[in-house]
Amino acid sequence: MTLTKDRLNKYLNIRRELSESKYINVNPIQRGGVLSKEARMALIEWGDGYSVCDFCPPQTPRLDKITNPPISDFYKDLAEFLGMDEARVVTRCREAKLIAFMMLARPGDYIVLDSLAHYTSYLAAEVVGLRIKEVPNSGYPEFRVSPEGYAAKIEEVVKETGRPPALALVTHVDYLYGNMVNAAKIAEVCREYGVPVVLNAAYTAGVSPVDGRKLGVDVIVSSGHKSWAACAPTGILAMTEEAAKKILRTSSVEGEWSKRRFAMKELALLGCTVMGAPLITLIASFPHVVERVGRWEEEVEKARFVVRELERIDGFKHLGTRPKMHTLIHMESQSFYEVSKKHKRRGYFLYDELKARGIVGIQPGLTKHFKFNVYGLTWYQVKHFVESFHEIARKYGVEVR
Ligand SMILES: *Cc1c(COP(=O)(O)O)cnc(C)c1O
């Protein structure tokens with residue numbers, strides 16, 4: 001064994017270089033997951049192992065039945081907040097999708113999904129053995145996904161197999177362009193064919209108002225660490241009562257020798273899911289989250305301001321639908337790409353220049369296209385962000401109109 005003290009020392013006192021207190025982090029995946037101060041406190045108190053399991057009720061031993069801490073109440077409030085009947089916390093958005101796909105479809109079934117879907121939507125479908133039909137998007141520069149596209153793909157499945165697909169997955173806001181689809185209209189189309197809809201609200205629920213009942217969807221999945229001011233891993237799985245009958249089906253297995261049964265346990269959840277600190281951060285942030293979704297309009301205003309200000313830079317153009325409906329922004333920046341070709345640091349010049357101004361989160365090396373998210377920044381930070389870009393542009397002789 002050579003795990004000497006020297007080798008192990010590097011694991012002690014690990015510091016986070018890019019902590020929130022030191023930098024403005026505009027990485028699209030980081031903005032909605034910044035902890036509330038309540039969650040940051042709770043994290044320390046609840047950090048030990050199975051910390052939420054002290055008062056697990058012996059008659060009904062299941063995470064959602066625990067009343068101290070108030071997990072049982074939280075699940076009810078969470079469902080109500082999303083306009084759904086039932087809610088569970090799982091480890092990640094991707095796990096929520098996997099569970100929904102697994103319980104609502106069978107191997108060989110079709111799922112229709114938008115062509116901007118997150119890779120984990122494809123992988124979840126693959127794990128379950130589903131066949132995929134992609135709804136195309138309109139391509140450069142808007143990359144729009146339309147309700148008609150869903151209708152066409154459902155028709156295609158009907159023609160090919162004689163019946164509609166088992167499921168439709170709708171990415172509410174995609175991770176590439178921050179486009180918001182017309183989820184209500186898509187759900188209406190799907191309902192006409194009797195196709196259940198899973199709404200992927202990883203980038204919307206928790207930061208903006210999402211009401212599953214109003215949208216007419218069957219399942220909502222979301223990501224606690226992306227959009228609910230919670231630590232990883234936390235995912236949200238919310239559903240209608242009807243979908244819950246299938247998704248939350250309990251176990252029926254019996255030990256062939258011992259005759260042991262586990263009829264109380266929700267099968268696809270393997271009984272219990274997130275049984276410690278991450279769940280508590282999600283709960284502790286919930287009041288903050290309920291409050292902040294009411295301020296979503298102002299967040300969108302910030303995004304539109306940033307787009308307007310950055311497009312004053314020669315060669316800058318935002319990609320995706322207009323006007324911006326979300327705070328995730330994708331910029332094309334031909335002029336900075338030209339600068340990078342002559343710069344000794346190549347594409348890294350932009351990262352260096354931004355970091356020197358206290359801004360991180362734009363992928364190092366990228367200049368031609370890059371993404372960022374201004375959600376939750378103060379107006380002061382937003383202005384510093386755009387002024388930094390203007391300054392960098394002028395420094396390298398790029399015109400700011
Ligand atoms: C970030 C993201 C995910 C992944 O979320 P996890 O909670 O990390 O699984 C899934 N789908 C979309 C659309 C995303 O943007």
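One-based numbering, in listed order, for ligands and for the atoms of each.
Distances shorter than 4.0 angstrom do not occur between any heavy atom of I29 and any atom of ligand 1. The shortest heavy-atom distance from E95 to ligand 1 is not under 4.0 Å. Residue-ligand proximity: K97 is placed with a non-hydrogen atom under 4.0 Å from ligand 1.
Here's the thing with S223: one of its N/O atoms is less than 3.5 angstrom from an N/O atom of ligand 1. Ligand 1 has no N or O atom lying under 3.5 Å from any N or O atom of T234, backbone or side chain.
In this pair, F389 and F370 present their aromatic rings parallel. The plane angle is below 30°, not in the 30 to 60° band. Using a 30° and 60° split on the angle between ring planes, Y177 and F143 fall in the parallel class, below 30°.
Residue-ligand proximity, C93 to ligand 1, at heavy-atom distances under 4.0 Å covers atoms 5 (O), 6 (P), 7 (O), 9 (O), 10 (C). Taking every non-hydrogen atom of Y203 and a distance limit under 4.0 Å, the qualifying atoms of ligand 1 come out as 15 (O). Ligand-side atoms of ligand 1 in range of T120: 10 (C), range being under 4.0 angstrom from any heavy atom. Of all atoms in ligand 1, numbered sequentially from 1 with element shown, those under 4.0 Å from a heavy atom of R94 are 4 (C), 6 (P), 8 (O), 9 (O).
Only side-chain heavy atoms of H118 come within less than 4.0 Å of ligand 1; its backbone N, CA, C and O stay farther off. Of all the heavy atoms of R92, the ones lying under 4.0 Å from any atom of ligand 1 are found in both the backbone and the side chain.
A donor atom on one side chain and an acceptor atom on the other are found under 3.5 Å apart for N179 and T321. S121 and K97 are linked by a side-chain donor-acceptor pair at a separation below 3.5 angstrom, with hydrogens and angles left out of the test. Under 3.5 Å, the side chains of T240 and D218 contain no donor-acceptor pair of N or O atoms. Side-chain N/O atoms of W228 and S223 include no donor and acceptor closer than 3.5 Å. Between the side chains of T171 and D114, at least one donor N or O sits under 3.5 Å from an acceptor N or O.
The nearest protein atom to atom 2 (C) of ligand 1, hydrogens excluded, is given as K226 NZ, 2.4 Å; this is a heavy-atom distance. The closest protein non-hydrogen atom to atom 13 (C) of ligand 1 is N200 ND2, 3.3 Å.
Atom CD of E142 is surrounded by more than 12 heavy atoms from other residues, nucleotides or ligands within 6.0 Å.
Taking the six-membered ring for Trp, F336 and Y396 have ring centres at least 6.0 Å apart.
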